[in-house]
Amino acid sequence: ATPQTFTQDDLRLLDIFLSLVSTAIANAHLFAQTQQLALTDGLTGLYRRQPFLEQLSRELARAARAGEPLAMLMLDIDDFKRHNDALGHPAGDRILKTLADLVREHVPPHGMCARYGGEEFVVLIPQMSRQDAAALADRIRRQIGSTVRADGTSGAPVTVSIGVAIFLWLRTPEKPGGRETTNAAVSGPGTPASQPPDPRTASSPPPVPAGADSLSRTSAAAPFDPAD
């Protein structure tokens with residue numbers, strides 16, 4: 001055989017090699033699909049609750065180290081059971097998917113959007129202030145109320161309630177004999193921080209991640225009413 005010619009043995013070896021590569025690529029695609037199904041909700045394509053909670057833990061630790069705010073939006077569809085009962089579950093699924101697509105459009109690339117429960121969605125956005133998070137929540141709420149209809153066309157509007165929580169980690173000086181951690185009051189809009197928080201809107205600050213420096217914690221909740 002000349003140097004430019006493949007022998008039959010060469011071709012058989014190449015065929016075996018290509019078969020092995022093809023099988024490996026197919027297995028890699030299958031693994032990626034399986035992993036994606038485990039991480040995302042099949043109906044909406046958003047992340048599931050467990051991946052969100054894992055990311056939340058990482059972002060809280062990162063925000064503590066950097067001393068930066070971390071915004072979280074919790075969205076709940078108003079009267080979702082009524083829509084399901086009146087129009088059927090296919091209509092309910094359509095509402096969920098429509099809202100998921102709409103909310104996803106508003107989330108910046110460094111944020112995360114997940115389906116937290118049946119009709120509950122949650123958005124996590126690092127480095128976002130309370131004012132920006134509140135404005136974002138209001139934009140989402142208004143767009144849903146003005147564009148989404150329960151029957152998909154001209155029926156009753158779908159409305160949502162959105163809660164906004166900001167986790168702000170502030171470093172405090174150490175006291176002699178130990179470190180000091182101060183929990184700031186939780187306040188809603190129009191509620192002075194010196195007043196007791198409203199139990200309907202307030203939430204307890206999360207625990208300090210292990211290894212974090214001495215910190216003070218501020219959590220602010222801002223609920224949104226679906227009515228303008």
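In terms of heavy-atom proximity, Gly145 sits nearest to Arg149 at O-NH1, 3.4 Å. Taking each heavy atom of Arg115 and Leu43 in turn, the nearest pair found is NH1-CD2, 3.9 Å. The two residues Ala91 and Ala150 have their closest heavy-atom pair at CB-O, 4.2 Å. Residues Leu87 and Asp151 share a closest heavy-atom pair of CD1-N, 3.9 Å. Considering every non-hydrogen atom in both Cys113 and Val107, the closest pair reads CB-CG2, 4.0 Å. What you find for Ala100 and Phe121 is that their closest heavy atoms are CB-CE2, 4.0 Å.
Remark: the backbone N or O of Ser19 is paired with a side-chain donor or acceptor of Thr23 at under 3.5 angstrom.
Classification of Asp138 and Arg141 as a salt-bridged pair holds, one side-chain N sitting under 4.0 Å from a carboxylate O. In summary, Asp101 and Arg104 engage in a salt bridge, as defined by a charged side-chain N under 4.0 Å from a carboxylate O. Looking at Lys81 and Glu119, no side-chain N of the basic residue comes within less than 4.0 Å of a carboxylate O on the acidic one, giving no salt bridge.
For Leu13, there are no side-chain contact (heavy atoms from CB on, under 4.5 Å) partners at least two apart in sequence or on another chain.
Contact annotation: the side chain of Leu102 approaches that of Thr147 to within less than 4.5 Å [non-hydrogen atoms, C-beta and beyond]. Contact annotation: the side chain of Leu46 never approaches that of Phe52 to less than 4.5 Å [non-hydrogen atoms, C-beta and beyond].
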Check against side-chain contact (heavy atoms from CB on, under 4.5 Å), Asp41 and Leu96
CA-CA 11 Å; Asp41 174 62; Leu96 290 171; over 6 Å; no
Could you walk me through whether Asp93 and Lys97 pass side-chain contact (heavy atoms from CB on, under 4.5 Å), step by step?
CA-CA 6 Å; Asp93 289 347; Lys97 190 175 187 312; over 6 Å; no
After noting the C-alpha distance and the side-chain angles of His106 and Gln143, does the key distance pass the side chain to side chain donor-acceptor pair (under 3.5 Å) rule?
CA-CA 11 Å; His106 288 272; Gln143 184 174 353; 2.7 Å; yes
side-chain contact (heavy atoms from CB on, under 4.5 Å) between Leu70 and Leu56, worked out:
CA-CA 9 Å; Leu70 177 64; Leu56 174 61; 4.2 Å; yes
Evaluation steps, side-chain contact (heavy atoms from CB on, under 4.5 Å), between Ile125 and Leu136
CA-CA 11 Å; Ile125 308 178; Leu136 173 63; 3.4 Å; yes
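To the nearest 0.5 Å, the span separating CG on Asp85 from NE2 on His83 amounts to 10.5 Å. Annotation: the span from Glu54 atom CD to Arg48 atom CZ amounts to 13.0 Å, rounded to 0.5 Å. Between atom CZ of residue Arg58 and atom CG of residue Leu60 there is a gap of 11.5 Å, rounded to the nearest 0.5 Å. To the nearest 0.5 Å, the span separating CD1 on Ile144 from CD1 on Ile162 amounts to 5.5 Å. Here CZ of Phe80 is found 12.5 Å from OG1 of Thr159. Values are rounded to the nearest 0.5 Å.
The residue from Asp76, Val148, Leu99 that alone fulfils the side chain to side chain contact (heavy atoms under 4.5 Å, CB included) condition with Val160 is Leu99.
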